Novice: 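Please find one structure pasted underneath; my questions will follow.
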Amino acid sequence: MAIEHFDVLIVGAGISGISAAWHLNTHCPGKRYALLEGRERVGGTWDLFRYPGIRSDSDMYTFGFSFRPWLDRKAIASAPAILGYLDGAVADYGIAPHIRFSHQVKRAAWSSERARWTLDVERGPQQEVVRMSCDFLFMCSGYYRYSAGYTPDFPGMGEFKGRIVHPQHWGSDIDYKGKRVIVIGSGATAATLVPELAAQAAHVVMLQRSPTYMVARPAVDPIAQKLQRWFPERLAYTLTRWKNVLFGMYVYQLCKRKPAQAKAYFIKMMRDQLGPDYDVATHFTPSYNPWEQRVCLVPDGDLFKAIREGRASVVTDHIDRFTEQGLLLKSGKTIEADLIVTATGLELQMLGGTEVSVDGQVVDFSQKMSYKGMMFNEVPNLVSVFGYTNASWTLKADLTCKYFCRVMNHMQATGTRQCMPHLEPGTVTPAPWVDFSSGYFLRAADRMPKQGTSKPWRLYQNYALDILSLRFGRVEDGTMQFK
């Protein structure tokens, strides 16, 4: 079998993979690379999810690339607008010729003797297995399983006479106009779906086990609009980006240092949206502190408006079982429905489900420690992008790509072929990979890598600290070994 070789193989043509390709084109122009995408087009998450109203849960001035201004009027953007932005980047920056669609990476094997990765890739609708090799493997495949979302095994699901659908599998044939709809969940997907469905459904119930912090924010950033009138587009974009980065960091630090004060502030904002007579204590007062889970963004308060107008309602209870007509709750209450949407979360998955081995030994990533949030101890020449949980994903993705290019150029300058973070046993105390209490992280905690309690193994979830470490810190830091 002929093996095509590259300096770098990027896996995944979503926002992280496109960023990686731009950085290689810009900072490592002599490197030969390909971008392998298992689907038929770019976009990742934004092409996969098709449910009504899908939109960004971060502002596009920070979720957009550092190198490409976001010029759309809306700061909270729809999936079609985001896909247009990504398509423009692929076309304008010479990335398109490097993309191989319908290429699903199944296995990646590292050979220290040859200092290269060999990949088994399924290509095309016939899933023909082809082999490729590379000096460096750059995983931009996201953090969740694309084939299926998470749906609990609720009792009696087979009895329900209507339709049950997970948002990850939403199809154009799903009819909700004039229907009674239940959306199970209280996260970002539910907060997006409920007002959108309520515009045409008979009524929508958001059924939650417990409340989530939600913040109303204008879909159009008025300060960004003023800056765009006063300054050139790139400068206006940079100023807006930093305004939002710094404000986000301030709010996050306030939540961590003064949780009671922050909680009172969030609840007051929700009460202002819903009115003095609404039962905010039951339906919008979480048991945890702000930013122990991700805060949901509600553009223009559309969810709250749907509730105020009676087109949607919130029920806080536990499901006892599905029935023919809907749901029976633990409280004894029943809710009838024609359509039930299980917005119950994602299934986390490491490296897109790729089986990784080093010198014949399959890597168990649950036993590995994350180096600077992007590499793993004793795994050579592999970088994986994982964004922030408390800010826009792309901020960390861009920094990771910049650092990757620094490493590549350092290796070329020093004539080295292998780099690997080395961890001396017993020198670092392990901690959970992500300090987050969201269900999808807790369900996968035993399968995820660890982080350490000290740098470079600690994940600070702090953009400013990561700039210092990844853009200006030394590549040869005593932990990274070059051969």
Side-chain angles (χ1 to χ4, degrees), residues 108 110 112 137-139 141-145 150 252-253 255-257 259 288-289 291-294 345-359 361-391 393 396-397 399-400 403-404 407 418-466 468-470 473-482:
W110 170 262
S112 295
L137 185 57
F138 200 169
M139 301 299 296
S141 47
Y143 63 102
Y144 65 90
R145 184 162 56 116
Y150 172 72
Y252 180 76
Q253 291 300 322
C255 291
K256 290 299 183 182
R257 295 175 182 177
Y288 57 91
N289 288 324
W291 277 116
E292 288 180 3
Q293 298 181 22
R294 194 169 176 92
L346 306 168
E347 285 279 11
L348 264 63
Q349 185 178 59
M350 281 296 299
L351 308 182
T354 302
E355 180 188 281
V356 176
S357 62
V358 173
D359 294 330
Q361 297 295 314
V362 175
V363 177
D364 180 358
F365 283 97
S366 70
Q367 302 303 309
K368 294 298 179 182
M369 192 166 289
S370 177
Y371 169 84
K372 297 189 175 182
M374 66 181 70
M375 297 182 74
F376 307 96
N377 66 291
E378 324 315 321
V379 181
N381 290 30
L382 184 148
V383 170
S384 175
V385 173
F386 190 87
Y388 293 119
T389 56
N390 63 352
W393 177 276
K396 182 62 178 291
L399 288 178
T400 299
Y403 180 81
F404 170 73
V407 170
Q418 173 178 311
C419 70
M420 181 183 73
H422 174 64
L423 177 64
E424 287 289 343
T427 59
V428 179
T429 302
W433 185 40
V434 176
D435 182 19
F436 229 42
S437 62
S438 296
Y440 57 98
F441 281 114
L442 296 179
R443 288 193 301 270
D446 61 338
R447 305 194 303 271
M448 295 294 109
K450 305 297 186 290
Q451 65 165 311
T453 53
S454 59
K455 63 180 184 181
W457 306 103
R458 184 178 174 187
L459 304 179
Y460 289 97
Q461 298 290 344
N462 185 300
Y463 185 56
L465 291 178
D466 282 339
L468 294 176
S469 171
L470 302 179
R474 293 181 58 198
V475 171
E476 293 207 48
D477 61 356
T479 299
M480 184 76 84
Q481 295 184 346
F482 293 89

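What's counted below: heavy atoms across the whole structure, side chains too, no hydrogens, waters or symmetry copies. Please read all numbers here as calculations on a predicted model, not as lab measurements. Along the sequence shown, the residues carry numbers beginning at 1.
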Novice: Taking the side chain as everything from C-beta on, heavy atoms only, tell me whether P432 gets closer than 4.5 Å to Q451.
Specialist: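 Not touching, per the 4.5 Å side-chain cut-off.
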Novice: Is the number of heavy atoms from other residues, nucleotides or ligands under 6.0 Å of Q481 CD greater than 12?
Specialist: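 Counting neighbours around CD of Q481, more than 12 heavy atoms of other residues, nucleotides or ligands fall under 6.0 Å, so yes.
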Novice: After noting the C-alpha distance and the side-chain angles of S384 and M375, does the key distance pass the side-chain contact (heavy atoms from CB on, under 4.5 Å) rule?
Specialist: CA-CA 6 Å; S384 175; M375 297 182 74; over 6 Å; no
Novice: Kindly indicate whether the side chain of F386, heavy atoms from C-beta on, has any atom under 4.5 Å from the side chain of S370.
Specialist: no
Novice: Determine, using ring centers only, whether W393 and Y388 are less than 6.0 Å apart.
Specialist: no
Novice: Charged N to carboxylate O below 4.0 Å: is that the case for D364 and R447?
Specialist: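 R447 and D364: not salt-bridged.
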Novice: Are K368 and L423 packed together at the side-chain level, in the sense that at least one heavy-atom pair is separated by less than 4.5 angstrom?
Specialist: no
Novice: If I take atom OG1 from residue T427 and atom CH2 from residue W457, how far apart are they, to the nearest 0.5 angstrom?
Specialist: 8.0 Å
Novice: Which word best sums up how the rings of W291 and Y252 line up, parallel for under 30°, tilted for 30 to 60°, or perpendicular for over 60°?
Specialist: perpendicular
Novice: Determine the minimum heavy-atom distance between A391 and R294, stating which atoms define it.
Specialist: O-NH1, 3.5 Å
Novice: Using the side-chain contact (heavy atoms from CB on, under 4.5 Å) rule, take V428 and M369 through it: C-alpha gap first, then chi angles, then the decisive distance, then the call.
Specialist: CA-CA 9 Å; V428 179; M369 192 166 289; 3.7 Å; yes
Novice: Would you compute the distance between atom OG1 of T400 and atom NZ of K372 and round it to the nearest 0.5 angstrom?
Specialist: 11.0 Å
Novice: Do K396 and Y463 touch side chain to side chain, with heavy atoms closer than 4.5 Å?
Specialist: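 No - every pair of side-chain heavy atoms lies 4.5 Å or more apart.
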Novice: Are M480 and F482 side-chain neighbours, meaning at least one heavy-atom pair lies under 4.5 Å?
Specialist: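 Yes, side chains in contact.
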Novice: Apply side-chain contact (heavy atoms from CB on, under 4.5 Å) to L459 and M374, showing your working.
Specialist: CA-CA 10 Å; L459 304 179; M374 66 181 70; over 6 Å; no
Novice: Please answer whether the main-chain N or O of S366 pairs with a side-chain N or O of K450 as donor and acceptor at a distance below 3.5 Å.
Specialist: yes
Novice: Main chain of Y460, side chain of R458: is a donor-acceptor contact present, judged purely on distance under 3.5 Å?
Specialist: no
Novice: If I take atom CG from residue L382 and atom CE from residue M420, how far apart are they, to the nearest 0.5 angstrom?
Specialist: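 One gets 12.5 Å once the value is rounded to the nearest 0.5 Å.
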Novice: Donor-acceptor check, side chain of N381 to backbone of C419, threshold 3.5 angstrom: yes or no?
Specialist: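 Between the backbone of C419 and the side chain of N381 there is a qualifying donor-acceptor contact (under 3.5 Å).
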Novice: Could you tell me if the ring centre of F376 sits under 6.0 Å from that of F365?
Specialist: yes
Novice: Would you indicate whether the side-chain heavy atoms of V363 and S357 approach each other to under 4.5 Å?
Specialist: no
Novice: Do E355 and V362 make a side-chain contact, defined as non-hydrogen atoms from C-beta onward lying under 4.5 Å apart?
Specialist: yes
Novice: Is a side-chain donor or acceptor of D359 paired with a backbone partner of S112 at a separation under 3.5 angstrom?
Specialist: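 Yes, the answer is positive, given that a donor and an acceptor are paired below the 3.5 Å cut-off.
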Novice: Using the rule given for side-chain contact (heavy atoms from CB on, under 4.5 Å), can you reason through Y150 versus L346, listing the C-alpha separation, both sets of side-chain angles and the distance that settles it, and then say yes or no?
Specialist: CA-CA 5 Å; Y150 172 72; L346 306 168; 5.9 Å; no
Novice: Looking only at heavy atoms, what is the nearest atom pair of V475 and Y403, with distance?
Specialist: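 Smallest interatomic distance, heavy atoms only, reads O-OH, 4.2 Å.
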Novice: Hey, does S141 have a side-chain heavy atom less than 4.5 Å from the side chain of T354?
Specialist: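 Counting from C-beta outward, T354 and S141 never come under 4.5 Å.
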Novice: Mind checking the CZ-CD spacing from R145 to E347? Nearest 0.5 Å is all I need.
Specialist: 5.0 Å
Novice: Out of L348, V385, L351, which residue meets the side-chain contact (heavy atoms from CB on, under 4.5 Å) rule with Y143?
Specialist: L348
